[in-house]
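See below for the structure under consideration.
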Protein chains: 2
Amino acid sequence: MSEKKVILTGDRPTGKLHLGHYVGSLQSRIKLQSTHEQYVMIADAQALTDNYDNPEKVHENVIEVAIDYLSVGIDPSETTIFIQSMVPEIHEIAMYFLNLVTWNRLKHNPTVKAEIRQKGFGESVPAGFMTYPVFQAADIAAFHADLVPVGDDQRPMIEQTNEIVRNFNRIYKTDALKEVEGLYPNVARLPGIDGSAKMSKSLNNGIALSEDLKSVMKKAKKMFSDPNHTNIEDPGQVEGNPVFLYLDCFCSDTQKLAELKEHYTRGGLGDGSVKKYLGEVLVEFLEPIQTRRAQFEQDKGEVLNILKKGTVEARKKAAKTLAAVKEAMHLNYFK
Amino acid sequence: MSEKKVILTGDRPTGKLHLGHYVGSLQSRIKLQSTHEQYVMIADAQALTDNYDNPEKVHENVIEVAIDYLSVGIDPSETTIFIQSMVPEIHEIAMYFLNLVTWNRLKHNPTVKAEIRQKGFGESVPAGFMTYPVFQAADIAAFHADLVPVGDDQRPMIEQTNEIVRNFNRIYKTDALKEVEGLYPNVARLPGIDGSAKMSKSLNNGIALSEDLKSVMKKAKKMFSDPNHTNIEDPGQVEGNPVFLYLDCFCSDTQKLAELKEHYTRGGLGDGSVKKYLGEVLVEFLEPIQTRRAQFEQDKGEVLNILKKGTVEARKKAAKTLAAVKEAMHLNYFK
């Protein structure tokens with residue numbers, strides 16, 4: 001039997017997860033957990049690089065994100081869920097990686113450059129933020145990951161990781177580290193309810209997995225659809241219409257959905273009705289998730305136990321890599 | 001009884017220690033170890049920031065430097081000698097410190113700028129080297145050091161450390177960390193045997209503590225003295241004369257030294273005679289050190305045991321600081 005491939009993935013705990021996360025990553029994690037050795041990291045240390053002045057928020061969201069994971073069906077008996085800051089072996093590997101990347105290279109990382117602009121950091125970008133690609137490389141390398149699911153905008157991160165891995169193996173004459181492949185999404189990103197390309201907290205255009213169900217119905221009703229479809233009788237456009245994009249993701253009654261699309265395209269189907277139906281579909285999707293969420297919220301001790309167990313597992317794996325890293329670097333005085 | 005003040009000091013293990021180290025730092029460590037809680041760190045992780053491609057050299061010199069310490073009289077029952085890379089608690093603290101320093105601030109650190117020029121790094125300076133002041137701040141903070149003996153050129157490092165400490169305590173509403181004071185040398189730096197300001201490996205103008213004694217005699221004979229003193233009969237200049245600077249440091253017969261100076265100043269005392277005497281003085285100084293060195297070289301296991309014990313001690317101290325750091329940052333999920 002061949003060994004399972006290793007996946008490392010995770011989220012920055014800066015807010016509750018939303019439907020966009022479900023479509024973009026959670027559902028694929030649920031699918032992959034039985035066929036892969038999957039590590040899901042709650043990246044609190046990385047979240048602190050640009051939230052260093054709000055550690056309470058990060059702490060709180062570590063627990064919230066963990067509950068989101070468990071509620072949607074990430075199964076701790078199949079997936080190792082762990083907290084990044086509790087695996088110091090990663091930080092130690094990162095420190096040695098910092099020597100293998102030039103300052104100049106970091107300065108020109110396109111993803112980081114875009115984020116610096118977006119966050120308005122300018123020259124006062126924290127060194128921790130500027131160097132986070134190196135820490136990310138350590139996350140990936142520490143777990144000997146074969147695959148890292150990332151968005152297209154994260155390609156430079158995968159390149160940076162493999163550059164470090166190759167440098168390390170070459171300089172220290174070892175095969176202790178492994179190159180990784182990006183696992184790029186084959187689903188379109190779920191747009192915000194306002195039709196903008198992405199759900200984002202700052203735009204307040206998302207639907208959280210833990211969103212109150214009445215609020216879900218309301219948000220569905222307010223969703224952006226075909227802006228040219230002003231008369232019910234007129235034909236509407238399905239393609240690129242956020243309401244139908246959502247239905248494609250969450251409606252399990254494919255026959256009904258096909259009929260709706262046909263009707264909408266033909267004309268005579270109002271946006272109000274489709275949106276109401278979407279609301280019902282979303283409520284049906286979210287209800288069982290929220291029932292499980294309520295149970296975990298009642299028993300946070302159990303959530304912490306799951307995280308603790310996952311973190312112990314994760315440390316074991318990362319410690320092996322760290323030992324190989326230090327051995328290759330001759331940092332083995334006491335063996 | 002008041003608590004002892006804590007000193008953190010150390011060396012980068014990139015070569016054997018020499019007479020310049022003895023005068024500049026080792027003798028003061030020997031003096032301070034009974035009155036202070038002293039930690040002496042062999043900074044292998046820092047050495048790797050600009051020797052990342054030569055880990056064998058760093059490894060080897062960790063042991064050599066430890067033997068130098070023990071040979072000159074740094075007493076492991078009074079001083080905690082430890083290896084930096086073996087105290088991962090420091091690296092973890094450093095990671096969080098990286099968030100509290102801007103990229104811009106690092107770029108303008110005058111000490112680092114000068115070193116980058118000197119080492120010819122240019123734009124390809126490793127990120128690990130560029131960020132080393134942050135890691136140094138973590139070294140100091142991890143041990144709650146009151147005092148760090150540093151050269152004048154290291155003042156910016158002390159400032160950077162205290163800036164981080166103040167930021168940390170303010171942002172995380174804590175008094176977990178302590179500001180440090182630089183302990184600036186009150187002795188002049190020992191010049192190289194060629195008269196240049198500093199002993200340095202690249203100039204090959206030093207005398208190692210482990211230097212072969214015949215070579216010591218030879219080097220003493222070749223020392224730079226008063227360049228204008230070409231005739232024995234003429235008066236020579238004592239002030240600023242390296243031969244006499246060395247004698248000031250290592251000659252214990254103060255009366256004889258006073259007489260020599262007087263004679264040299266008056267005229268009639270040749271440089272050859274003074275240098276020969278200096279050679280004898282240095283041999284007398286180095287002989288017992290080298291006898292102890294030979295014993296430790298015979299028993300490297302004992303040296304490693306001392307380092308191991310020191311490292312355990314150091315980890316205890318650093319772990320306390322790390323716990324306080326993580327508590328203040330709300331990184332305390334499992335407590």
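A note on names: the letters A, B, ... follow the listed sequences, proteins ahead of strands, and every chain is numbered from 1.
Residue B:D299 places its CG atom among more than 12 non-hydrogen atoms of other residues, nucleotides or ligands, all under 6.0 Å distant. Summarising the local packing, NZ of A:K57 is surrounded by more than 12 heavy atoms from other residues, nucleotides or ligands at distances under 6.0 Å. Annotation: B:K178, atom NZ; neighbour count of heavy atoms from other residues, nucleotides and ligands within 6.0 Å is above 12.
Of the atoms belonging to B:F135, it is side-chain heavy atoms, and not backbone ones, that fall under 4.5 Å from chain A. Contacts between B:Y172 and chain A at a heavy-atom distance below 4.5 Å involve the side chain alone, from C-beta outward. With a 4.5 angstrom heavy-atom cutoff, B:S85 touches chain A via backbone and side-chain atoms both. Heavy atoms of A:Y96 lying under 4.5 Å from chain B belong exclusively to its side chain. Proximity to chain B (any heavy atom under 4.5 Å) is shown, for A:S124, by both the backbone and the side chain. With a 4.5 angstrom heavy-atom cutoff, B:D53 touches chain A via backbone and side-chain atoms both. Contacts between B:Y132 and chain A at a heavy-atom distance below 4.5 Å are absent for every atom of the residue.
In this structure, A:F121 and B:T102 have side chains that are not in contact, with every pair of non-hydrogen atoms separated by 4.5 Å or more. B:N99 is not listed as a side-chain neighbour of A:F129, based on a closest heavy-atom distance of 4.5 Å or more. Taking the side chain as every heavy atom from C-beta outward, B:F334 and A:I83 approach each other to under 4.5 Å.
Your options are B:I171, B:I63, B:V125, and the one with the most heavy-atom pairs under 4.5 Å with chain A is B:V125. Options B:N332, B:N167, B:N54, B:N305 differ in how many heavy-atom pairs under 4.5 Å they form with chain A, and the most are formed by B:N332. The candidate with the highest count of non-hydrogen atom pairs below 4.5 Å against chain B, out of A:E89, A:K326, A:H59, A:M95, is A:H59. Counting heavy-atom pairs closer than 4.5 Å to chain A, the top residue among B:M86, B:R105, B:M329 is B:M86. Between chain A and the options B:E60, B:H330, B:K107, B:E56, heavy-atom pairs under 4.5 Å are most frequent for B:H330. Highest contact tally toward chain A, considering only B:L106, B:L100, B:I90, B:V62, is held by B:V62 [criterion: heavy-atom pairs under 4.5 Å].
A:D44 and B:L331 get closest at one heavy-atom pair: OD2-CD2, 3.4 Å.
In this structure, CH2 in B:W103 is found 8.0 Å from CD1 in A:I116, a value given to the nearest 0.5 Å.
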